[in-house]
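As a basis for the values below, the full set of heavy atoms in this structure was taken, side chains included, without hydrogen atoms, waters or symmetry mates. None of the values given here were measured: they were computed from a predicted structure. Just so it is clear: chains get the letters A, B, ... in the order the sequence lines come, proteins before strands, and each one is counted from 1.
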There are 2 protein chains.
Amino acid sequence: MKFEPVTIKQMARDLNLGISTVSRALHDSHEISEETKKRVVAYAKKLNYIPNPIALSLREKRNKSIGIVISQFNNPFCSQVVHGMESSFYSQGYQVSIVQTDESAEKEMKAIQYLSFRVDGLLVSISSETKNIDHLKDLYEKGMPIVFYDRICADLQTHMTISDNYRGAYEATRHLLDQGCRRVAFVGGAVTQSIVQERKAGYLQALEDGGINVDPKWIHYLPKGGVHYVETEVAMDRLMRLPKNKRPDGLLTAWDKVTADAYRYLRRHDISMPGELALIGFSNFPLTDFVSPSLSVVQQQSEKLGEVAAGQLLSLLQSKRKPAKFHTEVLMPEIIIRESSSKLSSGEKEPLKVKNKD
Amino acid sequence: MKFEPVTIKQMARDLNLGISTVSRALHDSHEISEETKKRVVAYAKKLNYIPNPIALSLREKRNKSIGIVISQFNNPFCSQVVHGMESSFYSQGYQVSIVQTDESAEKEMKAIQYLSFRVDGLLVSISSETKNIDHLKDLYEKGMPIVFYDRICADLQTHMTISDNYRGAYEATRHLLDQGCRRVAFVGGAVTQSIVQERKAGYLQALEDGGINVDPKWIHYLPKGGVHYVETEVAMDRLMRLPKNKRPDGLLTAWDKVTADAYRYLRRHDISMPGELALIGFSNFPLTDFVSPSLSVVQQQSEKLGEVAAGQLLSLLQSKRKPAKFHTEVLMPEIIIRESSSKLSSGEKEPLKVKNKD
DNA sequence: TGGTTTTCCGGTAACGGTTGCGTAAATAAA
DNA sequence: TTTATTTACGCAACCGTTACCGGAAAACCA
């Protein structure tokens with residue numbers, strides 16, 4: 001099966017008219033008689049004619065659409081971000097087309113190449129596997145408007161929108177220390193990701209400010225970024241099998257999926273939270289407030305992040321040339337303290353801050 | 001800013017060669033001398049030349065990509081389905097581009113129009129607002145390969161892949177009756193959706209088979225399909241404010257988001273599950289096994305559903321003409337009984353069936 | 001009647017790429 | 001030397017659309 005659309009040429013033949021006549025009739029040109037216009041418009045309507053946007057793209061070098069490159073939207077944070085982006089573009093008449101990279105550098109390259117000729121601008125969150133962004137750089141130098149969101153790439157100077165990962169991690173770690181934790185572990189995603197690095201930096205600083213000597217055994221990265229449960233499982237096994245005096249009593253997880261999987265691990269192994277291990281993690285998952293024990297999270301302003309990034313891209317699309325200055329917008333995540341990390345004040349079960357979604 | 005890619009024409013001028021010579025050199029034609037080939041290839045590499053796929057599309061009338069139309073992937077079920085689809089296409093060299101409709105008929109029409117010239121085939125799950133699918137029919141009659149998944153549309157005869165919504169709902173309702181419920185309510189999504197209708201039919205049949213007279217007040221649809229919490233809240237309010245002898249003691253929710261929101265409602269209002277109300281709902285949300293009480297669900301084979309639908313589309317893409325017979329693949333969902341619906345055997349807390357994700 | 005303007009429409013080029021065909025020069029064969 | 005063949009390249013058409021240009025016929029003016 002193959003799609004065979006109606007063309008202007010076809011209609012011209014059927015109506016015994018010139019191609020340009022039909023085109024102009026459809027554009028309501030004053031150069032065409034009312035009668036001919038009516039004939040053409042009626043026929044086009046009957047055949048459900050739609051101008052071929054591919055042909056228009058080729059001519060006008062404009063696609064009226066933008067592309068979003070996402071790692072995996074099997075992740076509430078990502079889908080929330082995209083939701084924030086879409087509304088802005090829709091109101092401006094842009095179509096939005098989304099492509100997943102599945103954390104694979106190869107897929108990412110193909111996806112970007114695919115989109116590059118088909119969209120007018122790109123919103124990119126780099127995959128965790130990506131090391132080389134020469135293809136993006138090249139695209140950018142040839143004039144493609146590109147905005148990074150969430151996971152940035154310092155090699156390319158353009159607008160970016162990110163969360164304050166450093167502070168989010170700092171405050172979360174600080175909170176664990178306040179609860180009396182002295183051996184706080186860190187399980188991140190892929191070591192290559194900017195967000196993981198920033199979060200680790202915040203974590204380390206908080207420990208240093210708290211006068212804690214970090215044991216390298218507390219820090220774990222996940223080779224594939226934590227997409228699969230088994231990755232987190234391995235890291236958790238390593239942590240929980242440390243000798244008792246080295247075993248962590250607090251844990252900061254630095255990625256949504258890892259947070260959920262760490263929680264799953266602890267429940268499965270009957271390790272009590274926060275008793276044996278106090279857990280707080282980056283997460284925009286729904287239902288974290290109703291799991292038992294309820295889960296403390298660092299929750300990003302996902303929709304807002306999407307909106308801001310979309311605004312940046314729109315400004316690039318409208319600007320005549322590459323702007324001289326680039327902005328990095330930073331959004332503060334929300335720290336939501338719940339049971340899983342509340343060692344003190346166990347009498348006061350009320351969470352510190354709860355933000356209702358919807 | 002505007003993307004200005006390198007063209008073959010540009011390179012031909014720079015190298016003092018004909019356009020066709022450059023083209024053939026890049027295709028390693030035997031008609032071009034080795035020396036010229038080397039010059040051209042080297043120059044193309046230096047400039048990072050990529051053939052314009054738009055131009056190729058226009059010529060070859062083939063896009064080597066397929067489109068997925070999704071309602072909202074802010075929904076684990078949807079993202080899982082898409083994940084299942086992608087892998088099949090990727091291995092066949094197709095790019096996948098995803099567009100959201102946000103349950104809006106208008107956006108859906110625009111999305112489909114946008115994709116129609118840019119992809120070779122379409123995987124569609126109809127939005128809950130859609131009543132008229134003439135544009136889809138027209139497209140289909142012009143030869144566009146289209147496969148429906150999850151939410152079908154009987155007006156258009158083509159391949160489809162769906163869950164056995166009827167049986168899923170039937171078994172779930174049956175389970176509630178087995179637990180001693182006698183007043184089982186139903187909260188669905190939009191009345192227009194095929195899946196909601198099928199699920200309601202299963203629910204009604206189970207009640208009939210159980211000898212229960214249905215009170216129409218037990219049945220609620222949600223105008224916008226339940227995207228926002230408030231919709232479910234209104235329905236739940238109505239249910240729970242019924243006089244005590246009419247108030248439901250069991251509830252089947254027929255859509256992922258509605259299930260989560262109903263659960264949220266019950267927890268917020270301190271209505272005990274399953275004591276006051278036994279809850280089971282369609283849901284592919286993660287973490288339902290760790291909420292307290294743990295949530296009984298009808299869980300669809302989402303990834304599988306995606307794979308099967310992808311296979312159907314691939315077969316359409318390869319077939320010469322419109323096939324004479326169309327297949328509807330039906331996948332049985334999994335009923336997972338947990339605490340929220342287990343009125344009996346409260347001593348035996350072990351869930352009946354638990355399927356670990358990942 | 002002859003010239004000018006207006007009306008209405010068609011041909012053609014261009015967007016970027018591939019491909020069939022034509023062709024000049026170089027080489028080989030006679 | 002003449003002819004045939006090969007080599008190596010350019011021209012032009014095509015995909016669907018729009019824009020510029022040009023032109024026939026009708027209408028207008030003198």
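Across every non-hydrogen atom of Ser127(A) and Thr101(A), the tightest pair is CB-OG1, 3.7 Å. Across all their heavy atoms, Cys153(B) and Ile133(B) have their closest contact at SG-CD1, 3.5 Å. Nearest heavy-atom pair, Val124(B) versus Ile146(B), reported as atom, atom and distance to 0.1 Å: CG2-CG2, 4.2 Å. Of all the heavy atoms in Leu316(B) and Pro323(B), the pair that sits closest is CD2-CG, 3.5 Å. Heavy atoms only, all atoms of each residue included: Phe326(A) and Thr158(A) are closest at CD2-CA, 3.4 Å.
Checking Glu31(A) against Glu31(B), the closest nucleotide of DNA chain D that is more toward the 5' end is the one next to Glu31(B).
In this structure, Ser57(B) reaches neither bases nor backbone, as no heavy-atom distance under 4.0 Å exists between it and the strands shown. Nucleic acid contact for Thr7(A): sugar-phosphate only, since backbone atoms but no base atoms lie under 4.0 Å from a heavy atom of the residue.
The phosphate of dT17(D) (OP1 or OP2) has a side-chain N or O of Tyr49(A) nearer than 4.0 angstrom. A close approach under 4.0 Å does not occur between any side-chain nitrogen or oxygen of Lys9(A) and OP1 or OP2 of dT17(D). Here Lys61(B) does not reach the OP1 or OP2 of dC14(D): none of its side-chain N or O atoms lies under 4.0 Å away. Put simply, His30(A) has no side-chain N or O that comes within less than 4.0 Å of OP1 or OP2 on dT7(C).
Proximity of residues 12-20 of chain B to DNA chain C (heavy atom under 4.0 angstrom from any strand atom) is restricted to Ile19(B), Ser20(B).
Atom-to-atom, CZ of Arg24(A) to P of dG11(C) comes out at 11 Å; the value is rounded to the nearest Å.
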